[in-house]
Amino acid sequence: MRLTDKPATGKPNLEVYSETLMELAGRDSDILVVTSDSRGSGKLIPFAEKFPGQIVEVGIAEQNLVGISAGLASCGKKVFATSPSCFLTARALEQIKNDVAYSDFPVNLVGISSGVSYGALGSTHHSLHDIAALRAINNIVIVVPADNYETRMAVKAAAASDKPFFLRFGKRPLPHLYGEEGHFEIGRANVITQGNDIAVVACGEAVAPAAGAAQLLYNEGVNVRVISMHTIKPLDRETLIRAASECRGMITVEEHSVYGGLGEACAGVLMEEGISVPFRRVGIPDEYTVTGSQQEIFNHYGISPGGLAGMIRSMLEVTASGGRG
Amino acid sequence: MGYSDRKLEQISARMRLDLLRYIKLAGAGHTGGDLSCIDILNVLYNDVLNVSPGAIDDADRDRYIQSKGHSVEALYVVLASKGFFPESDLETIGRYRSHYVGHPTRKVNGIEFNTGALGHGLSISAGIALAGKMDKRSYRVFTMLGDGELAEGSNWEAAMFAAHNRLDNLVAILDHNNLQITDKYSRVCNPSPIDEKFKSFGWGVTNVDGHNIKDLRRVLSNVPLSEGLPTLIIADTVKGRGVSFMENVLKWHHGVPDDAQYEAALKELEERLSELSA
């Protein structure tokens, strides 16, 4: 697949989230948005203007946000509890665990401005723990969409599901990774580019730079299999195992701490399956992030087409010389 | 419904006996807090709440959320007495693979939410109350809070939200027994004056003797206190109420009587039941 065939830019996933909700809310009055003073950063002002009866404001109170949402969901409301991911998943973790997941009510928890979207605002506002924290909680589906198409499909899937969901969105405009005929299924990864040299498994906004690296290397005759692992839980073991078996190495890429996120989830599956393959996790290392814009932070940690291409080349050199990464 | 005050007092006495029996059998339980809130639960389920085992999914049913989830044994006894599940199920409390665990879970018929981590019930209840307002339903939401639990900040988030949204279908009942696991609440992190705090947040507040059946019936049946305001009922109670050596004694926050204590407790509770039945 040639990425150059795809449109260059799309919208921020957050905007697509809001648009999709408006589409759903127009048909279903049980759709509710609950926010913690975050309708602006959640791109939900048009929603609030069009559906004033379907938005609930709790103020800056994330624990209450999640408890209220659970109560509403227990009465049949289809709730999208929207809040900056850093606060939602840390301050309200116990409410997520008990009121939503353990009590088993289908609240859709929407972490906005996730990862290092807030860039220069610093580490208080970076959400690099959310996937790790929620992976350890039973009974919650974790989806990190890579582009506008995945976002639209994920929001619709969450609205239709009777399970608790966590959806994680960033702020920047994203390239389209799919044509209009894309396939999307919760729990089933999508292969963005075909190739058997190195598999790059990525999620969210890290998929686009991975695809960019594949593009750069394609011109050098290297075929990279880029996989959008949009569903972190339940993880698509089958696609992962096939990629690890068919490719010479695997790199995971995520806008998250390397601890407890996508990379460790993938590594766990491969270990359990007895598959040994050169493997590298790319994400934010065990440190508070450098200052800068999201793009600068990405570049700093190698989450860029050039950075990832370099890692892929070096992994190929190691495997060519008989090493094991 | 339709019980006399005297009959409800007998029912409370019987429930206390059952409670002790099941706690002894389970070898675990939050005995003191169970005994402090059981009169409130008795009045709620026998006189106030529109709930029944045959209509547990009825959209118009009243909701009861027990935020102080550690007193679940009292709730189990009350729900069993109302026929939500066979009383014999209570013999499995705390046993391997039993649904009757030490904090409320929805696996038990009649329990609406999984609770027990403190400071959750008021937010959940406010959400349910808001849904009721949105859907123009007539149900009320009753939630029981512990006084030690008020140190959790989420309560105050929910208190603000409930008043802001004029949730007068929400009734919080404070099991005000003055003790938490470490000490008197006033010596741990004093929430006083609780009434003034809630009033300043925009709630209607009243006090009641949490062991006086007649007063509980009167107060719990006349909510909201003010139209447009959520209601807080501060029920003054005694931890360990009904078993003299447990009353106001910190160590009975949780704990199981030994055989001699158990016999003494049963004797006292049986005498009380006989008095009321005479």
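Hydrogens, waters and symmetry mates play no part in the numbers below; they use all other heavy atoms, side chains included. Lettering follows sequence order; numbering is per chain, from 1.
- Looking at B:Ala59, neither its backbone nor its side chain comes within 4.5 Å of chain A, counting heavy atoms on both sides.
- By the 6.0 Å contact criterion, NZ on A:Lys77 is enclosed, its count of non-hydrogen atoms from other residues, nucleotides or ligands being greater than 12.
- Donor-acceptor pairing under 3.5 Å is recorded for the side chains of A:Glu94 and B:His120.
- In this structure, B:Arg166 places its CZ atom where only 12 or fewer heavy-atom neighbours from other residues, nucleotides or ligands lie under 6.0 Å away.
- Other residues, nucleotides and ligands contribute more than 12 heavy atoms inside 6.0 Å of the CD1 atom of B:Ile56.
- Environment of NZ in B:Lys133: crowded, with over 12 heavy atoms of neighbouring residues, nucleotides or ligands closer than 6.0 Å.
- For the residue pair A:Val56 and B:Met134, the shortest heavy atom distance occurs at CG2-CE, 3.5 Å.
- Nearest heavy atoms, B:Phe113 versus A:Ser103: CD2-OG, 3.5 Å.
- Across every non-hydrogen atom of A:Cys75 and B:Tyr139, the tightest pair is SG-OH, 3.4 Å.
- Residue-environment remark: NE2 (A:His125) exceeds the threshold of 12 foreign heavy atoms within 6.0 Å.
- We find the CD-CZ distance between B:Glu112 and A:Phe105 to be 7.5 Å, quoted to the nearest 0.5 Å.
- At most 12 non-hydrogen atoms from other residues, nucleotides or ligands lie less than 6.0 angstrom from OH of A:Tyr259.
- Considering all non-hydrogen atoms of both residues, A:Asn64 and B:Ser123 come closest at OD1-OG, 2.6 Å.
- Shown here for B:Gly127 and A:Leu72, the closest heavy-atom pair between the two residues is O-CD2, 3.3 Å.
- Contacts between A:Val79 and chain B at a heavy-atom distance below 4.5 Å are absent for every atom of the residue.
- Here the side chains of A:Val58 and B:Glu157 are not in contact, with every heavy-atom distance at 4.5 Å or above.
- Remark: A:Ser29 OG to B:Asp135 CG distance equals 8.0 Å, nearest 0.5 Å.
- In terms of heavy-atom pairs under 4.5 angstrom with chain A, the leader among B:Ile128, B:Ile65, B:Leu122, B:Thr105 is B:Ile128.
- Among A:Glu62, A:Gln63, A:Arg91, the single residue meeting the side chain to side chain contact (heavy atoms under 4.5 Å, CB included) criterion with B:Ser154 is A:Gln63.
- Among all heavy-atom pairs drawn from B:Phe161 and A:Glu57, the shortest one is CE1-O, 3.6 Å.
- Using a 4.5 Å cut-off between heavy atoms, B:Arg63 touches chain A through its side chain atoms alone.
- The neighbour count for A:Glu287 CD, taken as heavy atoms of other residues, nucleotides or ligands under 6.0 Å away, is above 12.
- By the 4.5 Å heavy-atom criterion applied to side chains, A:Asp99 and B:Ile124 are counted as neighbours.
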